[in-house]
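Worksheet: one structure, shown below.
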Number of protein chains: 2
Amino acid sequence: MADVAKAAGVSPMTVSRAFKRDSSVSDATRAAILQAAETLGYVFDSTASNLRSQRSDFVAVTVPSINNANFAETVRGLSEGLRARDLQILLGYTDYDMEEEERLIEQFLRRRPEAIVVTGGRHTDRARRMLENAAIPVVETWDLPEDPIGHVVGFSNADAVRGMVDHFVRRGLTRLAFIGGDAQRDTRGTDRRRGFIRAMQDHGLEAHRLIDAGAPPISMAEGAMAMGLLLARFPDTQAVICVSDLSAFGALTECQRRAVPVPERIEIAGFGDYDVGAVCVPALSTINPFPRQIGSRTAELILSLLDAPQPPRVIEITPELILRGSSA
Amino acid sequence: MADVAKAAGVSPMTVSRAFKRDSSVSDATRAAILQAAETLGYVFDSTASNLRSQRSDFVAVTVPSINNANFAETVRGLSEGLRARDLQILLGYTDYDMEEEERLIEQFLRRRPEAIVVTGGRHTDRARRMLENAAIPVVETWDLPEDPIGHVVGFSNADAVRGMVDHFVRRGLTRLAFIGGDAQRDTRGTDRRRGFIRAMQDHGLEAHRLIDAGAPPISMAEGAMAMGLLLARFPDTQAVICVSDLSAFGALTECQRRAVPVPERIEIAGFGDYDVGAVCVPALSTINPFPRQIGSRTAELILSLLDAPQPPRVIEITPELILRGSSA
DNA sequence: CTGAAAGCGCTAACAG
DNA sequence: CTGTTAGCGCTTTCAG
């Protein structure tokens, strides 16, 4: 920077200002400085800037998986919203593992982010403590935790599934099943299953048709296998709700392979409103939790929090029931 | 850190060492220091560490889209490989836009990454210049550029599609079509189309059955629309190769909606070996470019480059032809 | 194995 | 609109 200053005939401080957006430098001076920087091949060093100004311009974000269209949409909403303020996202994935999440959170906090966004409301004790002491805005997403750490942008996974159960029961179907994954890892999946069971019980119906499809995330192939099991174990099932559209699509294909007509013989519903569910034949009934909106609302929240601290807020997103051909 | 040092009765320098992996501190001292840090709620400040040590422990990575299973797999391979050395990924997506890529690269270089990984071999002039002058390892992926900037881990998109064309022609099919996107944005898609056209010409066949499905990335729904157009414009088409499995799946569903039997009336192939293609009925023939391996090989390369600079290397991945029910 | 001194490259704070 | 001074919180370097 000193070299650029010399070349442009100004002080380093002026060079520093020229590289900021709205700081007061005359247009002519700024142009000369940027010209000199270009010629010298100077690249601004954020590291030093961050240390001195005590601002990293990072927002740390953890998601369970990077290879998931729902979370990818949330990250997209976030990063588009944060770009306006030139905030960069520090993205990490936990692989649906709370220990890994803890590791990531520790790494991220060392980078002094302006805010941190995590997926879900369940964390290791240590992770929770680190977030509580971080002295930056903390946002939990994709869930409505009972005891939030800070802010929340999410929805109730249990209630969303309840809406789907209600829909089936209203139409007179009573023998409903749920395909999901291992209860330990995916807390949102577990919440959805719990929502299924409670809703069934509230309708006075039995909720024993539960197929465990393995460790989350449940893939399309695992959904297909689970449907095979379901048809074998509970052949009288009238409708099945799957933990995601991916497993629901797998289940649908298994029916196609076995020539089990959907929705005539069995109805299928998913979760997440993934592309595949809108395009497949028949199209999948599903629940849209508005993942993109979760991201954009979180971004808005963070921006307003950086301007002025505010008491913890809970922004609830209302998922939408989408009925398509797979459920008549 | 000074506070922790005081609490532990040592100098700040010793605290600094205690937080590093293999630096020489007695076990007892380290334990006392970490204990003191925990009690005081001290969180190590990477920002200062980075500035002084001139190491950021970042690897910058740009991908066209975060919402794409193929690129997500590459990022996964990368981040797993880099975790061994505690390198964090600074991930950005370009939205298939070279201008956006340039913007990202500029932002990223200011953070002083240890290396930078970009997708594809086409960049704006300025982006290319920045990368050339960056004085860090540069890796271009998912392509085999004619004039690489630095290192390369990728494959020829054109040749991969040629293999699929050869397969169809060998089986006696001659009226082949290609469904792809707008030529400007997605250079890998364009390369695949070019590969299709050249291969057809080399076989002495006409390559006029080209359906433009819009701006990349081509969605499943766009694939479906494109199949509608294809059936209308070139009803005698025997087989269609799609720029990705997503569009291929969309095309397949359109055939199902129109009761056009696949593969009997028309055969379909995709690209990328996405999950959906393995599960759908019939399953999609496709090309597996080993996206995870692109990431892990890139990570290996970067690790070896950080140990000792080496002349530019081109690591070629050989895509695999996968034949399934959609192509008889 | 531990400590003291100096400084990484930028910008806050103040002055003009 | 521009400049001067001091220092962000670590770690390099050298010494013991």
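Convention: sequence-line order gives letters A, B, ...; per-chain numbering from 1.
- Distance, A/Lys6 NZ to D/dG3 C1': 16 Å, rounded to whole Å.
- We find the CG-CD1 distance between A/Leu87 and A/Ile302 to be 8.0 Å, quoted to the nearest 0.5 Å.
- Taking side-chain N and O atoms only, A/Thr14 has a distance below 4.0 Å to OP1 or OP2 of D/dG3.
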Quick one, give me the B/S/- string for nucleotides 9-16 of chain C, reading 5' to 3', where B means a protein heavy atom under 4.0 Å from the base and S means that only happens at the primed atoms, P, OP1 or OP2.
BBBBB---
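- Geometrically, B/Arg110 does not engage A/Phe19 in a cation-pi contact defined by less than 6.0 Å to the ring centre and at most 45° from the axis.
- The neighbour count for B/Asp86 CG, taken as heavy atoms of other residues, nucleotides or ligands under 6.0 Å away, is above 12.
- Both the sub-6.0 Å distance and the 45° axial angle are satisfied by B/Arg111 relative to the ring of A/Phe58.
- In the displayed structure, B/Arg128 atom CZ is contacted under 6.0 Å by more than 12 heavy atoms of other residues, nucleotides or ligands.
- Neither OP1 nor OP2 of D/dC1 sits under 4.0 Å from any side-chain N or O of A/Thr29.
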